[in-house]
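The structure appears right after this line, and notes come after that.
Whatever order the structure lists them in is the order used to number ligands and atoms, beginning at 1. Here the structure is a predicted model, which means the values were calculated and not measured. Below, all heavy atoms of this structure are taken into account, side chains as well, without hydrogens, waters or symmetry copies.
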Amino acid sequence: MNIQGFASRHSFRRFLLTFVLLIVFPLAARNSIARPQGTGPAPRKVIIDTDPGTDDAMAILLALNSPELDVQAITVVPGNVTAERGLDNALRLVSLAGRCDIPVAHGAEHPLNQKLVTAEFWHGRNGLANIELPPSKCTADPRFGPDLIIETIHKHPHEITLVPVGPETNIALAVSKDPSIVPLVRDVVVMGGSISGGNVNASAEANIFGDPEAAQIVFNAGWPITMVGLDVGNKTLVTRAHIAQLERTHGPENDFVVGVLKFLIDLSEKYGAPGVQMYDPLAVGTAIDPAIVTTEAMRVDVETRGQFTRGETVANRTNTVERNVPHDGRLWIEAVDPVTPNAKVAVDVNAERFISMFLGRIAGK
Ligand code: RIB
Ligand code: CA
């Protein structure tokens, strides 16, 4: 353009103002617009190891409906139900969610060192609140679950969060077979354990009780662990009011979860809780948003021999231990030694925030 064409300063100023308003500002604005929905931080890659299981089912559907998570695999472990039933249930769940792209693999057939104890009492004869989901359109991944876990961790070093929400048999088998995965795992968010008494008995939580030896291996592997146990699960209760809210929307997953919650709340009210304990879904919720729980670093060991305490997660709250040494025909306390924590134990939870997240993700699906 011939600058001389702008004889008067006024014309040039008007051109300049027009250029800025029509060209510069829109360009600047476009670059400053917040990134379109869904282009935030990359989704967290997770592997869910599960014994589906009613609350497992809700945890899986929460994960599959959360953009913050990228479910890389689902591996099945016996616990609430047998390995065979659990695999069929997991396949029906991913099919219900239209996610046959996710590898679903069978794992161990029994705990490492005890007979399998199944929990149809709490989960229904089919493990899914006696709700008959449509047969799965998906097929099982042929790999053994622990091998799939190992392969996926090596494929995505430092990116995988393991989310075991059943007995930890598969996780223990994986780390025992290939200890090199420990430094390659981003972290482990486990539903299990308790520092305030058990749900199976006075001391043990069901997942740890389901395979104490496996849990002790997992808690001592050396990777970052967040323990999402009964201490917070028992505070995270879906009530009949929440169920009524979810009944106002519909969809195959929505309606299935309503059925599961109705089955569970009858049991919860009969056995002393004013709502459905969202144990497994809260572990997934913690993988989505770690700030949902408050944690304290503790040394946690799993009792494997106690007559009354086998399966208890024994947490050292002060991370210290007295040092007893021989003295004058007896022992006496010489010092108090530090103990290195190996877990972040969830001691509190923003329950309403989690439940709102859960209901919001499932509503209408
Ligand atoms: O104690 C609760 C845990 O035991 C949950 O994972 C539930 O599914 C059962 O496996
Ligand atoms: Ca479970």
ask   = Is ligand 1 under 4.0 Å from a heavy atom in the side chain of N199, in the backbone, in both, or in neither?
value = side chain
inquiry  = Run the salt bridge (Lys or Arg N to Asp or Glu O under 4.0 Å) test against R125 and tell me which residues pass, sequence neighbours left out.
reply    = none
query = When you look for heavy atoms under 4.0 Å from ligand 1, do you find them on the side chain of H123, its backbone, both, or neither?
reply = side chain
key: From CG (N170) to NE2 (H106), nearest 0.5 Å   = 9.0 Å
query = To which protein heavy atom is atom 9 (C) of ligand 1 closest, and what is the distance rounded to 0.1 Å?
reply = N80 OD1, 3.3 Å
inquiry  = To the closest 0.5 Å, what do you measure between CG (L96) and CG (L61)?
reply    = 6.0 Å
ask   = Would a line drawn from the ring center of Y271 to the ring center of W122 be shorter than 6.0 Å?
value = yes
ask   = For the atom pair CG (N207) and CG (D51), what is the distance rounded to the nearest 0.5 Å?
value = 6.0 Å
ask   = Any idea which protein heavy atom is nearest atom 8 (O) of ligand 1, and the distance to it?
value = D55 OD1, 2.5 Å
remark   = Given a cut-off of 3.0 Å, the protein N, O or S atoms lying below it from the Ca ion (ligand 2) are D51 OD1, D56 OD1, D56 OD2, V165 O, D280 OD2
Under 3.5 Å side-chain donor-acceptor pair for N324 and E334 = no
request  = Report the nearest protein non-hydrogen atom to atom 6 (O) of ligand 1: residue, atom name, distance rounded to 0.1 Å.
outcome  = D280 OD1, 2.5 Å
query = Of the protein's non-hydrogen atoms, which lies at the shortest distance from atom 3 (C) of ligand 1, and what is that distance?
reply = E205 OE2, 3.3 Å
